[in-house]
**Student:** 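Before we start, here is the structure in question, set down as structure tokens.
We number each residue from 1, following the sequence as shown.
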Amino acid sequence: MTGSTPAPFTAADYRARMERAARSAADAGLAGLLVAPGPDMVWLTGYTPTAVTERLTVLVLTPGQDPVLVVPTLEAPDAEHAIGASALTLRDWTDGKDPYDVTAALLDGRGRFGISDNTWAMHLLGLQRALPDTSYASLTDALPMLRAVKDAAELELLAAAGAAADATFEEIRKVPFAGRRESDVGQDLAGLLRRFGHSQVDFTIVGSGPNGANPHHEVGDRLIERGDMVVLDFGGLKDGYGSDTTRTVHVGEPTEEERRVHDIVREAQEAGCQAVRPGVACQEVDRAARAVITEAGYGEYFIHRTGHGIGVTTHEPPYMIEGEEQPLVPGMCFSVEPGIYLPGRFGVRIEDIVTVTEDGGHRLNNTTRDMVIVG
């Protein structure tokens, strides 16, 4: 693939994110945020510890105060080299000292804090012992939209990741399917994603024949046969941002029923994408796609939500699901991926990443959604 590499994020970008997160915490009635190593910390600071261990590392964001990153002394040199390090204060602690006391000194002893979902239980319990009058809420519950609205640079990175996934599909459709194992095609997908710039492959689902009726089958040792429908769902991270796309191909000529089911899913996916526009509730995207499948008589075979957000992880808020009344906002990015799964027979899913624009939605995946015949 060719094309310019987006400019890396700067310390100013990370400073703005941390300031916005602290304001969002205050608006939500929280005394601050506690962020452990993981996607939230990467997004806020650009820092990824070389190893996540039992030693406490935590970013403390409190409204009106400078951000503080509490780190083990032995990891401080790496933290100092993070791009966002100049936008925060490092507070290191040495083995033999209590890191929870170090962190407690930065916190309101009676406050309620948002805490990143992947925080180790031992660390949360340690903070609770140090500050027994504090309380905590997961960031997914307290600030579900923290990373949901992407800026222009993030959208550029997501578009590049989507283009790499598209290039992967254009190549995989050329390889032999019949007589090879699902795991062989999965290895091909992983290799192609890396060839087109992915540093991390998160999943390569190859669901052939009856295995395609399991939405999260991934890969197995089943030999792919002529006459099989094959669900291909793959993605990962490129330059720190996610890709995720699904196309369903057929080995040899499909039956009339297989074509009909594929057409229904294609129409449902189109309806879901057409429902995307600012101000519309997330659940309306799910309703639009689901209505097409239900009206065609296959409603009981559409067994998952229509979509999920994507960014520095391949699954994150917002979710396109019944009951989610969060309105769509320009800059949100998420999948639209309806499917029909006929147990013991075959499955069909079609998925694109869509970003909300000022007047609608824009797909980040652009390979054909028509039935593709493979050999």
Side-chain angles (χ1 to χ4, degrees), residues 12-47 56-70 84 87-89 91 100 103-121 123-128 130-151 154 278-283 305 307-313 315-334 356:
D13 294 322
Y14 292 117
R15 179 180 291 107
R17 290 178 184 177
M18 287 188 281
E19 290 173 350
R20 176 157 65 88
R23 288 195 304 270
S24 296
D27 292 343
L30 299 171
L33 303 180
L34 302 174
V35 182
D40 293 311
M41 182 174 285
V42 171
W43 184 77
L44 287 162
T45 69
Y47 176 51
L56 178 69
T57 296
V58 62
L59 173 68
V60 179
L61 299 177
T62 51
Q65 303 294 324
D66 290 339
V68 178
L69 181 62
V70 177
L88 50 78
T89 299
R91 186 74 55 85
Y100 307 111
T103 306
L106 304 170
L107 305 178
D108 175 353
R110 295 183 178 276
R112 181 169 177 78
F113 296 89
I115 189 163
S116 53
D117 295 17
N118 57 319
T119 304
W120 285 19
H123 295 321
L124 175 57
L125 293 170
L127 289 168
Q128 289 178 318
L131 294 172
D133 293 328
T134 53
S135 61
Y136 302 86
S138 75
L139 285 190
T140 291
D141 291 335
L143 294 176
M145 296 297 114
L146 180 63
R147 305 194 317 256
V149 179
K150 276 63 179 179
D151 61 25
E154 291 181 291
V280 168
C282 291
Q283 67 181 1
R305 66 195 174 202
H308 58 82
I310 191 168
V312 294
T313 59
H315 280 220
E316 62 186 48
Y319 298 104
M320 306 303 111
I321 189 171
E322 181 66 30
E324 179 53 79
E325 297 181 351
Q326 166 69 41
L328 299 180
V329 177
M332 284 182 174
C333 291
F334 48 83
V356 184

**Student:** Using a 4.5 Å cut-off on heavy atoms from C-beta on, say whether the side chain of F334 contacts that of V356.
**Tutor:** yes
**Student:** Between T119 and L34, does the side-chain contact (heavy atoms from CB on, under 4.5 Å) criterion hold? Intermediate values first, please.
**Tutor:** CA-CA 9 Å; T119 304; L34 302 174; over 6 Å; no
**Student:** Do L106 and V70 make a side-chain contact, defined as non-hydrogen atoms from C-beta onward lying under 4.5 Å apart?
**Tutor:** yes
**Student:** So do the side chains of R147 and P39 get within less than 4.5 Å of each other, counting heavy atoms only?
**Tutor:** yes
**Student:** Give the intermediate values and the outcome of side-chain hydrogen bond (donor to acceptor under 3.5 Å, both in side chains) for residues W43 and E316.
**Tutor:** CA-CA 13 Å; W43 184 77; E316 62 186 48; over 6 Å; no
**Student:** Side-chain contact test, heavy atoms from C-beta onward, threshold under 4.5 Å: evaluate it for Q283 versus E322 and give yes or no.
**Tutor:** yes
**Student:** Might you work through the side-chain contact (heavy atoms from CB on, under 4.5 Å) test for L33 and L143, ending with a clear yes or no?
**Tutor:** CA-CA 10 Å; L33 303 180; L143 294 176; 3.7 Å; yes
**Student:** Begin with the C-alpha distance, continue with both residues' side-chain angles, and end with the deciding distance and a verdict on side-chain contact (heavy atoms from CB on, under 4.5 Å) for T45 and R15.
**Tutor:** CA-CA 8 Å; T45 69; R15 179 180 291 107; over 6 Å; no
**Student:** Can you tell me how far apart CE (M145) and CG (L139) are? Round to the nearest 0.5 Å.
**Tutor:** 12.0 Å
**Student:** Side chains of P278 and L328: does their closest heavy-atom pair fall under 4.5 Å?
**Tutor:** no
**Student:** With side-chain contact (heavy atoms from CB on, under 4.5 Å) as the criterion, how do L124 and I115 come out once you've worked through the C-alpha distance, each side chain's angles and the decisive distance to 0.1 Å?
**Tutor:** CA-CA 9 Å; L124 175 57; I115 189 163; 3.8 Å; yes
**Student:** Taking C-beta and beyond as the side chain, do T62 and D108 meet within less than 4.5 Å on heavy atoms?
**Tutor:** no
**Student:** Does any non-hydrogen side-chain atom of L44 lie less than 4.5 Å from one of M41?
**Tutor:** no
**Student:** Carefully, step by step, assess T89 and D66 under the rule side-chain hydrogen bond (donor to acceptor under 3.5 Å, both in side chains).
**Tutor:** CA-CA 7 Å; T89 299; D66 290 339; 4.9 Å; no
**Student:** How about L107 and F113: do any of their side-chain heavy atoms sit closer than 4.5 Å?
**Tutor:** yes
**Student:** Kindly assign one of parallel, tilted or perpendicular to the pair H308 and H315, based on the angle between their ring planes and the thresholds 30° and 60°.
**Tutor:** parallel
**Student:** Could you give the distance from OG1 (T134) to CD (Q128), rounded to the nearest 0.5 Å?
**Tutor:** 6.0 Å
**Student:** side-chain hydrogen bond (donor to acceptor under 3.5 Å, both in side chains) between S138 and D141: does it pass, once the steps are laid out?
**Tutor:** CA-CA 5 Å; S138 75; D141 291 335; 3.2 Å; yes
